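Here is the structure we will look at, set down as structure tokens.
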Number of protein chains: 2
Amino acid sequence: MTEPVHSTPRSTPDSPGRQPARTRRAPLTRDRLLAAAVAIVDTRGLAALTMRALAAAVDVQPMSLYHHVRNKDEILDLLVDAVFSEIELPTDDLSWRTALRLRTSSVREVLGRHRWAIGLLESRRNAGPATLQHHDAMLGIMRRGGFTVAGAAHAYSLLDSYAYGFALQEAMLPFDGPDELSDVAEGFAALVTESYPHLGEMLHEYVMQPGYSFGGEFEIGLEAVLDALERWRTA
Amino acid sequence: MTEPVHSTPRSTPDSPGRQPARTRRAPLTRDRLLAAAVAIVDTRGLAALTMRALAAAVDVQPMSLYHHVRNKDEILDLLVDAVFSEIELPTDDLSWRTALRLRTSSVREVLGRHRWAIGLLESRRNAGPATLQHHDAMLGIMRRGGFTVAGAAHAYSLLDSYAYGFALQEAMLPFDGPDELSDVAEGFAALVTESYPHLGEMLHEYVMQPGYSFGGEFEIGLEAVLDALERWRTA
DNA sequence: ACCTGAACACCGTTCAAGT
DNA sequence: ACCTGAACACCGTTCAAGT
């Protein structure tokens with residue numbers, strides 16, 4: 001189909017000055033779509049991200065979205081890539097250990113900021129450019145830090161297993177923050193100590209002690225993992 | 001297409017007064033519901049688990065399900081608890097290291113057998129009895145193995161982060177098994193080596209070598225993690 | 001006690017059409 | 001080139017009713 005050549009003048013599509021009150025919408029772009037999707041999902045959760053809700057957020061009819069995106073799955077791919085683009089990549093002047101510590105903490109922080117992200121990872125198989133760029137930079141840090149190729153593979157697998165798994169465990173916690181912890185724990189404690197003695201011990205002697213938060217475990221485990229990586233370096 | 005009006009003497013179709021040929025259904029139970037749900041999700045994926053599909057699988061109308069289960073969310077909780085019940089818990093006579101190695105391998109194996117499970121964990125906050133029992137037994141193994149209470153907390157957090165994170169990474173792989181790997185990698189290789197040199201190196205010098213499989217990384221990382229746990233034991 | 005039909009307020013997506 | 005309305009084939013769940 002070719003564009004019909006009709007005689008209406010290109011200028012003044014709607015007579016200027018007599019525009020309707022509604023300001024002319026900025027044309028929809030993938031970036032604006034992605035930003036709106038992130039906003040929805042950060043504030044209202046992954047379940048709230050429907051094509052209809054997203055369309056409303058960018059002030060358009062649902063079907064218009066399909067002009068910028070193949071389908072909903074592609075939006076989810078874009079979301080995951082956006083998350084990877086937020087992870088901070090350390091500068092080259094740092095030691096491998098400092099660099100890996102910084103970026104792994106950044107992974108956890110970003111996954112904490114976008115709590116929907118960890119649940120999305122499992123179903124994504126199309127790595128975006130930010131994701132590939134991220135992995136490449138990480139491998140560079142390791143290779144320069146003296147890891148062999150195979151060693152870097154082992155190290156990266158272990159380090160990311162730790163980062164993702166920790167984020168998953170944080171998402172699984174039956175409370176949202178340290179403040180709610182005691183409520184849950186106390187309602188739990190009686191039942192637990194009876195049927196599950198070791199869980200009860202952990203609860204009373206550790207978890208319910210003042211100052212505890214599961215988040216504190218992250219750095220402890222991370223240092224242990226970083227120690228373990230040493231074995232895969234040659235230099 | 002209409003019902004065939006059969007005159008076969010096989011059975012009196014629906015003649016009143018006589019019992020219909022259809023054998024009387026076993027009454028629906030939670031266990032039968034759960035088994036049917038696992039079957040659906042194992043064979044057709046999490047998205048195929050709808051209340052309507054589940055109802056059809058147990059030969060009942062959708063609304064009947066709500067007599068045995070509060071809502072779909074409760075079914076998902078049951079699924080996760082069923083997964084935990086499949087994880088093998090080692091006997092008491094083993095060393096802590098052997099015991100933790102066995103059960104962590106079992107976690108990975110079970111999560112591999114039910115590939116939908118890792119994606120479900122993130123959204124579950126109601127631990128079931130099998131889950132609590134599992135955690136209690138694990139803490140018991142550690143305490144008997146000489147871990148302090150705080151040490152057991154550190155160790156369990158690290159060990160499960162590793163197990164879950166590894167399963168998540170396996171689920172994220174852009175191919176389903178080692179056989180498909182080369183197809184993906186080859187289509188990928190040209191693009192990758194150009195824009196992502198370290199990724200390219202990893203691909204050519206390690207991943208695409210004969211005999212590679214990502215799954216092989218599991219044991220390597222697991223031994224490194226088990227080594228790291230030593231620091232939290234007193235005895 | 002257990003099961004059901006009809007209905008409600010949603011989904012993602014196709015298709016054909018409008019400018 | 002970009003947007004739209006109507007429609008289709010689905011969802012989970014409520015309600016009132018059947019045995």
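A quick note: this is a predicted structure, and the numbers were derived from the prediction, not measured. In what follows, chains carry the letters A, B, and so on, assigned in the order in which the sequence lines appear, proteins first and then strands, with residues in each chain numbered from 1.
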- Item | Side chains of B:H204 and B:Q209, donor plus acceptor under 3.5 Å | no
- Message: So, does B:S64 get its side chain near the phosphate of C:dT4, meaning an N or O under 4.0 Å from OP1 or OP2?
- Response: yes
- Query: What are the two closest heavy atoms between A:I40 and A:L54, and how far apart are they?
  - Reply: CD1-CA, 3.8 Å
- For B:L33 and C:dC3, give me the distance from atom CG to atom P, rounded to whole Å. 10 Å
- Message: Less than 3.5 Å apart, any donor N or O on the side chain of B:H68 or B:R32 sitting next to an acceptor on the other?
- Response: no
- Query: Among B:R70, B:K72, B:R124, which one satisfies side chain to side chain donor-acceptor pair (under 3.5 Å) with B:D77?
  - Reply: B:R124
- Indicate yes or no: does B:R113 engage B:E86 in a salt bridge with an N to O separation below 4.0 Å. yes
- Task: Over all heavy atoms of both residues, which pair between B:N71 and B:M51 is shortest? Give the atoms and the distance, please.
- Result: C-CE, 4.4 Å
- Would you please say whether a donor-acceptor pair under 3.5 Å links the side chains of B:S157 and A:Q169? no
- Return one dot-bracket line describing DNA chain D 5' to 3' (Watson-Crick or G-U wobble pairs, both distances under 3.5 Å; ( ) same strand, [ ] crossing, | another strand, . none). ||.|||||...|||||.||
- Note on the structure: 5' to 3', nucleotides 6-19 of chain C under a 4.0 Å protein heavy-atom cut-off (B base, S sugar-phosphate only, - none) gives BB---BBBBB----
- Any A:H68 side-chain nitrogen or oxygen under 4.0 Å from OP1 or OP2 of D:dC3: yes
- Rounded to whole angstrom units, what separation is found between the CG atom of A:L65 and the P atom of D:dC3? 9 Å
- Please state whether the rings of B:H135 and B:Y156 are parallel, tilted or perpendicular, taking 30° and 60° as the class boundaries. perpendicular
